[in-house]
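Counting convention: from 1, in listed order, for ligands and their atoms alike. We number each residue from 1, following the sequence as shown. Everything numeric here is computed off the predicted structure, so don't read it as measured data. Basis for what follows: all heavy atoms, side chains included, without hydrogens, waters or symmetry-related copies.
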Amino acid sequence: MRKPDVKVVILGDMNVGKTSLLHRYTERRFKDTISTVGGAFFLKQWGPYNISIWDTAGREQFHGLGSMYCRGASAVILTYDVTNWQSLSELEQRFLSLTDTAHPDCIYAIVGNKADLTDACAHLVEMDDGHMSEDIQDTPHHPASTTSTSSVLLHKQVDRMDALALYWRILRYKGLEENASPAAERMCFETSAKTGYNVDFLFETLFEMVLPSILKKRNEGDASTVDLEHSTETKRTKAGCCR
Ligand SMILES: Nc1nc2c(ncn2[C@@H]2O[C@H](COP(=O)(O)OP(=O)(O)OP(=O)(O)O)[C@@H](O)[C@H]2O)c(=O)[nH]1
Ligand SMILES: [Mg+2]
């Protein structure tokens with residue numbers, strides 16, 4: 001096993017669904033979560049590359065750890081909840097400055113999660129046989145037998161335009177030229193960890209975008225990259241000599 005080639009960090013207010021997004025992508029399911037304490041690390045093998053994805057805690061008490069997690073990151077996913085305007089504004093007020101420690105070439109994605117609650121398309125779940133089915137099992141106030149998609153959709157508090165505008169402000173904050181950076185339309189996503197809507201698309205898009213950084217690092221023969229398999233082998237050999 002090799003050291004991760006590149007680091008991706010997910011940031012955002014508590015309860016926006018950061019951990020759920022990572023579960024959906026890495027384990028292909030939506031499961032119960034408890035509020036993250038500190039941070040957690042996922043390693044994703046993507047083709048021949050190893051990508052470390054760092055989940056962070058949105059709770060205020062862990063705020064101080066955020067810039068440490070962002071250190072050297074090649075991509076940062078700034079996550080909000082589409083039904084909660086405050087969660088978008090927190091990204092700018094509280095989380096953006098944490099990314100000052102990221103790699104200078106870091107790319108930024110803005111992700112509005114819980115789209116299943118507001119968007120009829122995101123409400124659909126892809127079944128194992130490839131058919132789309134309505135996700136109605138988790139709406140306690142609307143029994144599955146009597147509900148329809150339109151009757152359970154909530155008011156969307158954050159418009160996609162608001163996310164695009166935030167992306168442009170992030171570029172200004174970073175001193176980046178708009179025409180030399182990935183386009184806002186490409187970097188703003190709406191997802192549902194619950195139904196899986198756009199989740200693979202988000203991560204795969206980001207991985208493809210950080211690929212040049214991975215290749216550059218590998219070509220430079222990054223001295224800090226450790227081949228763990230090889231080093232284990234070496235240790236075993238040494239142990240053998242001592243016996
Ligand atoms: N409807 C819906 N609920 C979601 C979605 N993603 C997460 N949730 C729910 O939102 C709540 C919070 O999800 P988490 O993934 O724990 O949120 P988090 O951002 O990791 O929160 P912290 O760890 O406290 O920062 C849980 O009850 C999830 O089940 C989603 O896409 N749709
Ligand atoms: Mg979490």
Side-chain angles (χ1 to χ4, degrees), residues 8-42 44 52-70 73 76-96 98-99 109-126 132-144 147-158 160 163 188-203:
V8 175
V9 182
I10 185 160
L11 292 179
D13 205 357
M14 64 180 284
N15 217 36
V16 296
K18 300 178 295 298
T19 304
S20 301
L21 281 168
L22 293 180
H23 285 161
R24 168 60 76 183
Y25 183 61
T26 59
E27 298 176 30
R28 329 291 314 153
R29 65 197 177 113
F30 182 64
K31 59 181 195 184
D32 288 343
T33 54
I34 48 167
S35 188
T36 304
V37 173
F41 168 83
F42 294 74
K44 174 76 184 172
S52 64
I53 313 177
W54 290 83
D55 186 16
T56 60
R59 272 191 282 165
E60 185 84 53
Q61 70 192 101
F62 298 110
H63 192 65
L65 298 173
S67 53
M68 184 187 82
Y69 286 118
C70 287
V76 173
I77 302 171
L78 293 156
T79 315
Y80 65 93
D81 169 350
V82 292
T83 68
N84 179 351
W85 168 261
Q86 182 65 21
S87 69
L88 182 84
S89 76
E90 289 285 313
L91 288 179
E92 195 166 10
Q93 306 303 325
R94 200 150 69 86
F95 293 96
L96 184 56
L98 300 179
T99 66
I110 301 184
V111 174
N113 189 42
K114 305 196 186 181
D116 59 284
L117 296 176
T118 62
D119 181 333
C121 291
H123 196 71
L124 297 174
V125 187
E126 189 169 357
M132 303 305 278
S133 160
E134 268 196 34
D135 173 45
I136 51 179
Q137 77 270 24
D138 278 357
T139 52
H141 305 301
H142 299 84
T147 193
S148 72
T149 301
S150 54
S151 67
V152 296
L153 293 182
L154 299 180
H155 172 63
K156 188 176 183 182
Q157 286 195 12
V158 186
R160 191 171 144 76
C188 295
F189 301 79
E190 289 185 352
T191 59
S192 167
K194 185 171 183 180
T195 65
Y197 175 74
N198 269 347
V199 175
D200 284 356
F201 178 61
L202 161 68
F203 285 99

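In summary, the side chains of T33 and T19 do not present any donor paired with an acceptor at a separation below 3.5 Å, with no hydrogens or angles considered.
For ligand 1 and A193, the ligand atoms under 4.0 Å from any heavy atom of the residue are 6 (N), 30 (C), 31 (O). Residue contact check: S20 has heavy atoms under 4.0 Å from atoms 6 (N), 7 (C), 13 (O), 14 (P), 15 (O), 28 (C) of ligand 1. Distances below 4.0 Å separate heavy atoms of L117 from the following atoms of ligand 1: 1 (N).
Of the polar atoms of T191, none of the N or O atoms is found under 3.5 Å from an N or O of ligand 1, judged by distance alone. Taking only nitrogen or oxygen atoms, main chain and side chain alike, F30 does not reach within less than 3.5 Å of ligand 1. Residue R59 places no N or O, backbone or side chain, under 3.5 Å from any N or O of ligand 1. Below 3.5 Å of separation, one finds no N or O of A115 facing any N or O of ligand 1. The shortest N/O to N/O separation between A57 and ligand 1 does not fall below 3.5 Å. Checked by distance only, ligand 1 and T36 come closer than 3.5 Å through their nitrogen or oxygen atoms.
For atom 27 (O) of ligand 1, the protein comes within 4.0 Å by no heavy atom at all.
Of the listed residues (G39, S35, G58), the one carrying the non-hydrogen atom nearest atom 24 (O) of ligand 1 is S35. Looking at K114, R24, K31, K18, it is K114 that brings a heavy atom closest to atom 10 (O) of ligand 1. When the heavy-atom distances from atom 2 (C) of ligand 1 to D81, L22, D116 are ranked, the shortest goes to D116.
Of all the heavy atoms of T33, the ones lying under 4.0 Å from any atom of ligand 1 belong exclusively to the side chain. Looking at N113 against ligand 1, only its side chain comes within 4.0 Å, counting heavy atoms.
Scanning all protein heavy atoms for the shortest distance to atom 12 (C) of ligand 1 gives N15 OD1, 3.0 Å. When hydrogens are left out, the protein atom nearest atom 17 (O) of ligand 1 is G17 N, 3.2 Å; that is the closest non-hydrogen contact.
For the atom pair CZ (F95) and SG (C70), the distance works out to 10.0 Å, reported to the nearest 0.5 Å. Separation of atoms CD (E90) and OG1 (T79) is listed at 13.5 Å; rounding is to 0.5 Å. Rounding to the nearest 0.5 angstrom, the gap separating the CG atom in D13 from the CG atom in D81 is 9.5 Å. Distance CZ/R59 to OG1/T36: 8.5 Å, rounded to 0.5 Å.
Residues satisfying the salt bridge (Lys or Arg N to Asp or Glu O under 4.0 Å) test with D55, not counting sequence neighbours, are none.
The shortest distance between side-chain heavy atoms of H63 and L98 falls below 4.5 Å. V9 is listed as a side-chain neighbour of T56, based on a closest heavy-atom distance under 4.5 Å. At a threshold of 4.5 Å between non-hydrogen side-chain atoms, the residues R28 and D200 count as touching.
A 6.0 Å sphere centred on CZ of F41 holds more than 12 heavy atoms belonging to other residues, nucleotides or ligands.
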**Message:** Walk me through whether V16 and N113 qualify under side chain to side chain contact (heavy atoms under 4.5 Å, CB included).
**Reply:** CA-CA 7 Å; V16 296; N113 189 42; 5.6 Å; no

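Closest of all the heavy-atom pairs between Y80 and A163 is OH-CB, 3.6 Å. Counting all heavy atoms, side chain and backbone alike, L153 lies closest to A120 at CD1-N, 3.8 Å.
Residue-ligand proximity: G12 is placed with every non-hydrogen atom at 4.0 Å or more from ligand 1.
Taking distances strictly below 2.8 Å, the protein N/O/S atoms close to the Mg ion (ligand 2) are T19 OG1, T36 OG1.
In this structure, K44 fails the cation-pi test against F203, since its NZ or CZ atom is not both closer than 6.0 Å to the six-membered ring centre and inside 45 degrees of the ring normal.
Looking at R29, its side chain never comes within 3.5 Å of a backbone N or O of H23 through a donor-acceptor pair.
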